[in-house]
Amino acid sequence: MTRPRFHLAIPVTDIPAARAFYGELLGCEEGRSDEKWVDFNMFGHQVVTHLGGEAGDRVKNDVDGHDVPVPHFGVILELDEFWKLADRLKAAGTEFVIEPYTRFEGLPGEQATMFFRDPSGNALEFKAFRDDAHVFATE
């Protein structure tokens with residue numbers, strides 16, 4: 001392991017729908033599973049969908065004029081990979097919470113971002129920085 005990976009467990013209401021969304025639409029390879037949970041390799045990180053519980057927003061925060069759902073999770077991609085995924089999601093008819101766009105344009109931390117939900121209502125944000133060195137930039 002060259003870089004630490006995160007592990008995230010999230011609630012889902014339907015395992016077959018989770019498999020279709022994470023496995024087929026997002027292209028995440030499936031790992032171990034049982035009738036009540038499935039592991040997915042999300043760009044090298046372990047996301048586990050567990051049957052039961054409720055997903056959904058707790059709050060929304062204004063970021064760059066958009067209501068960002070909290071909690072949310074996602075992955076930081078390379079810029080070209082981000083736009084390819086955005087095109088694939090659009091072609092699949094994905095309903096976006098926040099359509100793909102570039103935020104903080106011309107500033108440190110300039111990034112392409114998009115928000116959408118899985119079939120259980122979990123909010124995901126995928127993003128890509130113009131300059132990867134600015135992932136944690138403050139100025």
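Positions are given from 1 along the sequence.
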Phe82: which residues meet the ring-ring contact (aromatic ring centres under 6.0 Å, His included) condition with it, sequence neighbours left out?
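Phe82: no ring-ring contact (aromatic ring centres under 6.0 Å, His included) contacts found.
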Could you tell me which residues satisfy ring-ring contact (aromatic ring centres under 6.0 Å, His included) with Phe129, sequence neighbours excluded, listed by chain and number?
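Residues passing ring-ring contact (aromatic ring centres under 6.0 Å, His included) with Phe129: none at all.
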What distance separates Phe126 CZ from Phe115 CZ, expressed to the nearest 0.5 Å?
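Rounded to the nearest 0.5 Å, the CZ-CZ separation comes to 11.5 Å.
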Roughly how far, to the nearest 0.5 Å, is CG of Leu85 from CG of Leu77?
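That separation rounds to 6.5 Å.
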Taking C-beta and beyond as the side chain, do Leu79 and Lys127 meet within less than 4.5 Å on heavy atoms?
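Result no, sub-4.5 Å side-chain heavy-atom pair not found.
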Just so I know, are the side chains of Lys60 and Val68 near enough to count as touching, which here means a heavy-atom distance under 4.5 Å?
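When only atoms from C-beta onward are counted, Val68 and Lys60 do not touch, as no gap falls below 4.5 Å.
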Which residue pairs pass the salt bridge (charged side-chain N to carboxylate O under 4.0 Å, His left out) test with at least one member in residues 94-105, sequence neighbours excluded?
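Applying salt bridge (charged side-chain N to carboxylate O under 4.0 Å, His left out) to every pair that reaches into residues 94-105, excluding sequence neighbours, yields Arg103-Glu125.
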Please list, chain by chain and in numerical order, all residues satisfying side-chain hydrogen bond (donor to acceptor under 3.5 Å, both in side chains) with Thr102, sequence neighbours excluded.
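side-chain hydrogen bond (donor to acceptor under 3.5 Å, both in side chains) check on Thr102 returns nothing, list empty.
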Asp64: side-chain hydrogen bond (donor to acceptor under 3.5 Å, both in side chains) partners, not counting sequence neighbours
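With neighbours one apart ignored, the set is Tyr101.
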How would you list all residue pairs meeting side-chain hydrogen bond (donor to acceptor under 3.5 Å, both in side chains) that involve residues 73-84, not counting sequence neighbours?
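Counting only pairs at least two positions apart or across chains, no side-chain hydrogen bond (donor to acceptor under 3.5 Å, both in side chains) contact touches residues 73-84.
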What pairs meet the side-chain hydrogen bond (donor to acceptor under 3.5 Å, both in side chains) rule with one or both residues in residues 35-47, with sequence neighbours excluded?
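Residue pairs passing side-chain hydrogen bond (donor to acceptor under 3.5 Å, both in side chains), neighbours aside: His7-Gln46, Arg32-Asp39, Asp39-Gln46.
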For residues 17-29, tabulate all N or O donor-acceptor pairs below 3.5 Å that involve a side-chain atom, not counting sequence neighbours.
from	atom 1	to	atom 2	distance (Å)
Arg19	NE	Glu30	OE1	2.9
Arg19	NE	Glu30	OE2	3.2
Arg19	NH2	Glu30	OE2	2.9
Arg19	NH2	Ser33	OG	3.2
Tyr22	OH	Asp118	OD2	2.6

Do Ile10 and Val48 pass the side chain to side chain contact (heavy atoms under 4.5 Å, CB included) test, and can you show the C-alpha distance, the side-chain angles, and the key distance before you say yes or no?
CA-CA 6 Å; Ile10 59 170; Val48 185; over 6 Å; no
Run the side chain to side chain contact (heavy atoms under 4.5 Å, CB included) test against [X] and tell me which residues pass, sequence neighbours left out.
{"X": "Leu107", "answer": "Phe104"}
{"X": "Arg130", "answer": "Glu110"}
{"X": "Asp87", "answer": "none"}

Can you give me the closest heavy-atom contact between Ala9 and His50, atom names plus distance?
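Nearest pair, atom of Ala9 first, then His50: CB-CD2, 3.6 Å.
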Members sharing Val70's hydrophobic cluster (side chains within less than 4.5 Å):
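Members other than Val70 - counting any ILVMFWY side chain reachable under 4.5 Å - are Val59.
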